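All values reported here derive from a predicted model rather than from experimental measurement. All ligand and atom numbering here is 1-based and tracks the order in the structure.
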Amino acid sequence: MKDFLSILDKRTGKSYDVPISDGTIRAMDLRQIKTDPEDFGLMTYDPAFTNTASCRSAITFIDGDRGILRYRGYPIEELAEKCDFLQVAYLLLFGELPAEDQYKEWKDKITLHTMIHENLKKFMEGFRHDAHPMGMFVSTVAALSTFYPEAREVKNRQSRKLQIMRLIGKVPTIAAYAYRHSLGLPYVYPDNSLGYAENFLNMLWKMTEPKYTPNPVLARALDILFILHADHEQNCSTNAMRSVGSSQADPYLSLSAAASALAGPLHGGANEEVLRMLDEIGSVNSIPAFIEKVKSGECKLMGFGHRVYKNYDPRARIIKKAAEDVFEVTGVNPKLEIAKELERIALNDEYFIKRKLYPNVDFYSGIIYQAMGFHPEMFTVLFAIPRTVGWLAQWQELIEDPEQKIARPRQIFTGHEIRHVEREQEASNVVVAAR
Ligand code: SDX
């Protein structure tokens with residue numbers, strides 16, 4: 001009986017053998033542990049799910065202690081070096097890298113879905129000029145649901161695949177339109193002769209020239225950033241995607257919920273906060289004082305720390321290298337010096353060492369985006385574009401998982417026992433209502 005947990009309940013003297021599989025016990029196996037037949041039985045209590053597996057997944061593997069990240073078994077370093085984003089998107093969604101003919105068909109299909117309905121443009125025009133692009137992104141993705149009612153057929157494999165291609169094709173268009181709206185610039189239509197990242201740059205930055213010519217270094221850097229941000233197993237926004245998707249809401253509404261979770265400053269919103277933090281610090285000389293503020297608990301070192309990585313986030317390492325290629329074209333972002341010195345000081349300070357706080361994916365990404373010409377408000381939208389693929393791969397796995405059903409956690413009730421409305425209270429309410 002080696003793969004069992006023997007539990008002795010000292011309240012009753014009874015013992016229980018609970019099976020162990022895949023390094024877990026099933027929470028439902030604890031419900032048999034009761035003090036009497038009327039007892040509900042034991043539950044687990046795990047606020048923020050710090051030690052709870054919510055699903056079985058074959059998509060992404062992370063070893064936080066060793067700083068390992070793999071998509072479908074491939075190390076992120078190899079994918080970033082040898083593949084492009086649409087190849088990695090295919091890998092995440094279908095489990096294998098595409099053969100040449102599969103890749104060509106996949107690219108052509110995604111390209112055919114880059115346009116959005118003209119009514120969606122009108123919808124986006126309704127936002128204030130200073131509307132945050134993440135608010136526009138979340139709302140417009142949800143609005144897509146109203147254009148594709150067949151997306152509600154989440155159990156239909158063909159419908160799922162069509163919505164997945166629509167979303168991957170359209171999120172760069174929506175993101176670019178949000179950016180152009182914030183600058184009061186006319187929308188730029190997709191150019192289907194360009195690749196995924198190139199076309200995104202086209203829709204962002206084309207002005208009066210007849211055809212936009214993307215800078216290949218910047219396009220490749222963006223492609224690599226998209227690969228690095230594509231998926232990250234059961235993070236906060238993926239949990240939102242799975243939770244909303246478990247009610248069989250359509251993928252547009254579910255993805256809108258996921259993007260909303262990503263917008264939080266502790267999650268995907270951190271890249272925007274890193275730039276604000278570097279601006280607040282202002283110079284290398286001001287770093288020691290800022291570090292003291294962090295250590296006193298007054299603020300967090302944004303872009304540092306991670307629930308899973310207790311080592312250097314492998315994505316941050318790759319981004320730091322990609323930055324050098326970008327700065328060759330754009331010129332070095334002066335904030336890089338502050339960021340590098342901040343990292344050096346933090347990694348040698350007991351406060352951060354003790355808590356195993358290292359730079360995460362958001363620490364250097366914003367510095368690249370800013371050098372490329374993006375405003376900080378766009379940074380999380382740039383995270384949401386590639387993460388759309390991860391959210392959809394996780395959603396698809398959820399829908400196809402026979403073990404999954406609607407997510408509905410339990411609680412520890414801490415409120416009042418039963419109590420009754422006093423007669424005088426009834427009377428006073430009736431008098432007020434009658435006036
Ligand atoms: C992403 O989950 C994912 O996979 C996310 C992501 C993805 O790809 O989807 O990787 C993307 O969201 C990256 C994280 C981006 N967020 C930030 O950079 C914001 C700053 N980081 C922190 O808020 C924090 O590190 C979290 C939210 C990322 C993780 O928080 P945890 O796991 O809940 O850890 P915690 O808050 O319990 O911290 C443990 C200790 C605490 O100190 P003590 O109470 O023990 O004294 O570490 C401290 C925290 O105060 N701490 C920090 C810190 N992060 C944690 N102290 C200063 N600065 C920080 N950044």
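Phe352 does not carry Arg355 over the face of its six-membered ring by the limits of under 6.0 Å from the centre and within 45° of the normal.
Although no hydrogens or angles enter the test, the distance criterion places no donor-acceptor pair under 3.5 Å between the side chain of Ser159 and the main chain of Asn156.
Residue contacts with ligand 1 for Val308 are absent, since no atom lies close enough (heavy atoms, distance under 4.0 Å). Residue-level proximity to ligand 1 for Tyr358 is absent, since no heavy atom of it falls below 4.0 angstrom.
Across the listed options Arg307, Arg315, Lys354, Arg315 owns the non-hydrogen atom lying nearest to atom 8 (O) of ligand 1. Around atom 11 (C) of ligand 1, the closest heavy atom drawn from His267, Lys310, His232, Glu233 belongs to His267.
Salt-bridge annotation for Lys300 and Glu273: absent, with no side-chain N of the basic residue lying under 4.0 Å from a carboxylate O of the acidic one. Ionic pairing of Lys104 and Asp108 is present here: one or more N-O contacts between side-chain nitrogen and carboxylate oxygen are shorter than 4.0 angstrom. The pair Arg242-Glu397 meets the salt-bridge criterion, with a side-chain N (NZ, NE, NH1 or NH2) lying under 4.0 Å from an Asp/Glu carboxylate O. Comment: Arg56 engages Glu403 in a salt bridge, judged by a side-chain N to carboxylate O separation of less than 4.0 angstrom.
Within the 4.0 Å heavy-atom cutoff, Cys236 does not count among the residues contacting ligand 1.
Of the protein's non-hydrogen atoms, the one nearest atom 2 (O) of ligand 1 is Asn235 CB, 3.4 Å. When only non-hydrogen protein atoms are considered, atom 47 (O) of ligand 1 lies nearest to Arg355 CD, 3.5 Å. Nearest protein heavy-atom contact of atom 6 (C) of ligand 1 is His306 NE2, 3.7 Å. In terms of protein heavy-atom proximity, atom 9 (O) of ligand 1 is nearest to Arg387 NH1, 2.8 Å.
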